[in-house]
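Here is how names work: the chains are called A, B, and so on, in the same order as the sequence lines, proteins then strands, and each is numbered from 1. When reading the values below, keep in mind they use all heavy atoms of this one structure, side chains included, and skip hydrogens, waters and symmetry mates.
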Amino acid sequence: MPEGHTLHRLAGQLRPLVGGKVAASSPQGRFAEGARHIDGRRLETVEAIGKHLLFDFEDVVLHVHLGLAGSMFASDPAGEPRPGVRLRLVDEPQTVAWNLAAPTRCELWSHEERAALFNRLGPDPLRGDDPQPAFDRISRSDRSIGDLLLDQAVVAGIGNVFRAEVLYCCGVHPNRPGRSLTTAELSCLWETTVNLMRRGVREGRISTVEPSPGDGPEPLDAPAARYVYKQEACRRCGGAVTSWALGPRVAYACETCQPR
DNA sequence: GCTGCATGATGAA
DNA sequence: TCATCCTGCAGCA
């Protein structure tokens, strides 16, 4: 399930297709017309911004958003596609098929629409963006920092897991108003987000707990370790992790380690 | 087998 | 604030 790291990882995995022609089809049928339009075209670039994936095909841009349930996975191009696959992309030498399933968005865009997306989104921790615009917005806001971090116009790519974990790592309570955060806290939030999301790109999942020295690398088949997201007890102080509805999503915090 | 929730986001009310 | 969309899966009967 995707936060920003998933899309940036996918963009990296799809990069070998860039420069070549791509065969596009829609086994499920719901993107048949769009697939026909890009079928046989040369892929110029693939990139991720926030939770969005953008494929540049000369005159047209393919915009993909996975939403909550979407996924994109590679398979053998000789194999039969799963019937639910909205879009299937195969490279010209037919070495790999990429399958898009259950996206909330899969559509063709103009370059203007793509530019509008870039204007709308806040800085992306995985693109090396300058965080200052996000800091400015947070510092001027009465909204809670938990609410602000999920607003893609403030920071692009953070989802509910990273929100909970990053706030915990910096000792910031999700309910604190944006304007109450110190410069040091803002810097901590940004740096922690960059580090944790980069780790997410490397590992293909959201593991946030720092492995203890001498433990060696955590096995990738172990359950992802989290500090507070869906946890019962705080790993640091042993106190209860509380959870509550913060707007439309559930927030998690240790009230001791993240004072209000 | 069924229900409802989930690492997301939008549009209506 | 609510309903809605997309799917997989945990939890339940």
Side-chain angles (χ1 to χ4, degrees), chain A residues 1-11 26-32 34-35 48-54 62-73 75 81-88 98-107 109 113-114 116-122 124-126 143-144 146-169 174 192-209 220 222-232 241 243-253:
Chain A
M1 302 211 185
E3 296 191 19
H5 68 296
T6 305
L7 287 303
H8 283 267
R9 183 179 168 90
L10 275 172
S26 179
Q28 177 206 42
R30 286 181 58 178
F31 191 59
I49 177 163
K51 299 169 187 169
H52 304 256
L53 195 53
L54 297 161
L62 170 66
H63 170 240
V64 168
H65 194 296
L66 295 179
L68 200 54
S71 65
M72 198 159 189
F73 55 93
S75 70
R82 257 168 40 188
V85 168
R86 179 87 52 94
L87 171 65
R88 185 172 162 96
W98 279 95
N99 305 272
L100 172 66
T104 39
R105 289 298 170 97
C106 172
E107 58 201 349
W109 271 3
E113 286 172 295
R114 169 207 168 90
L117 174 70
F118 276 72
N119 284 333
R120 176 159 64 83
L121 294 177
D124 179 340
L126 289 174
R143 292 160 63 197
S144 69
D147 182 22
L148 288 162
L149 288 185
L150 281 192
D151 183 342
Q152 302 297 300
V154 176
V155 184
I158 295 183
N160 208 20
V161 181
F162 281 122
R163 167 175 83 170
E165 298 294 285
V166 163
L167 286 169
Y168 174 85
C169 288
T192 306
T193 304
V194 169
N195 289 335
L196 291 184
M197 288 186 79
R198 281 187 183 157
R199 183 173 168 195
V201 174
R202 280 197 308 275
E203 298 185 5
R205 60 181 195 162
I206 306 177
S207 285
T208 53
V209 174
L220 281 177
R226 315 262 167 79
Y227 288 108
V228 286
Y229 179 79
K230 285 193 174 169
Q231 303 300 302
E232 292 186 356
V241 169
S243 63
W244 67 97
L246 181 49
R249 315 299 297 281
V250 178
Y252 302 84

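- Helical stems of DNA chain B (runs of at least 3 Watson-Crick or G-U pairs, donor-acceptor distances under 3.5 Å) are listed by first residue: B:1-6 with C:7-12, B:8-12 with C:1-5.
- A:L68 has its CG atom 9 Å from the P atom of B:dA9, to the nearest Å.
- Checking B:dA9, B:dT7, B:dT10 against every side-chain atom of A:N160, the shortest atom distance belongs to B:dT7.
- Residues passing the salt bridge (charged side-chain N to carboxylate O under 4.0 Å, His left out) test with A:R114 are A:E47, A:D56, sequence neighbours excluded.
- Rounded to an integer number of Å, the gap from CG of A:L66 to C1' of B:dA9 is 13 Å.
- For the OP1/OP2 pair of B:dA9 and a distance below 4.0 Å, the side-chain nitrogens and oxygens of A:H65 include at least one atom meeting the criterion.
- On the P atoms, C:dT4 is 14 Å away from B:dG4, given to the nearest whole Å.
- Atom CZ in A:R249 sits about 7 Å away from atom C1' in B:dT7, given to the nearest Å.
- One atom, CG of A:L7, and another, P of B:dT7, lie 16 Å apart when rounded to the nearest Å.
- Between the NZ atom of A:K230 and the C1' atom of B:dT7 there is a distance of 8 Å, given to the nearest Å.
- With contacts defined as side-chain heavy-atom distances shorter than 4.5 Å, the pair A:L10/A:V64 does not qualify.
- Checking the phosphate oxygens (OP1, OP2) of B:dG8, no side-chain nitrogen or oxygen of A:Q152 falls inside 4.0 Å.
- The backbone N or O of A:A225 lies less than 3.5 Å from a partner atom in the side chain of A:T208, making a donor-acceptor pair.
- No donor-acceptor pair under 3.5 Å is formed between the side chain of A:S243 and the backbone N or O of A:A251.
- The gap from the C1' atom of B:dT10 to that of C:dG8 amounts to 22 Å, rounded to the nearest Å.
- A:D147 has its CG atom 14 Å from the P atom of B:dG8, to the nearest Å.
- Atoms CG (A:D151) and P (B:dA9) sit 10 Å apart, rounded to a whole Å.
- In this structure, the separation between CE on A:M72 and CZ on A:R9 is 14.5 Å, given to the nearest 0.5 Å.
- Shortest non-hydrogen contact noted between A:E3 and A:K51 is C-CG, 4.3 Å.
- A distance of 11.0 Å separates NE2 of A:H8 from CZ of A:R198, quoted to the nearest 0.5 Å.
- Residue A:R120 places at least one side-chain N or O under 4.0 Å from the OP1 or OP2 atom of B:dT10.
- One side chain, A:N160 or A:R163, offers a donor N or O that lies under 3.5 Å from an acceptor on the other.
- Note that the first and last nucleotides of DNA chain C, 5' to 3', having any atom under 4.0 angstrom from a heavy atom of chain A are C:dC6 to C:dG8.
- In this pair, A:H63 and A:H52 present their aromatic rings parallel. The plane angle is below 30°, not in the 30 to 60° band.
- Note on A:R9: nothing from the nucleic acid sits closer than 4.0 angstrom, heavy atoms only.
- Put simply, CD1 on A:I49 is 16 Å from C1' on B:dA9, counting in whole angstrom units.
- Residue A:Q28 is in sugar-phosphate contact alone, with no base atom involved, counting any heavy-atom pair closer than 4.0 Å across all strands shown.
- A donor-acceptor pair is defined here as one N or O able to donate and one able to accept, closer than 3.5 Å; no such pair exists between the side chain of A:Q231 and the backbone of A:A253.
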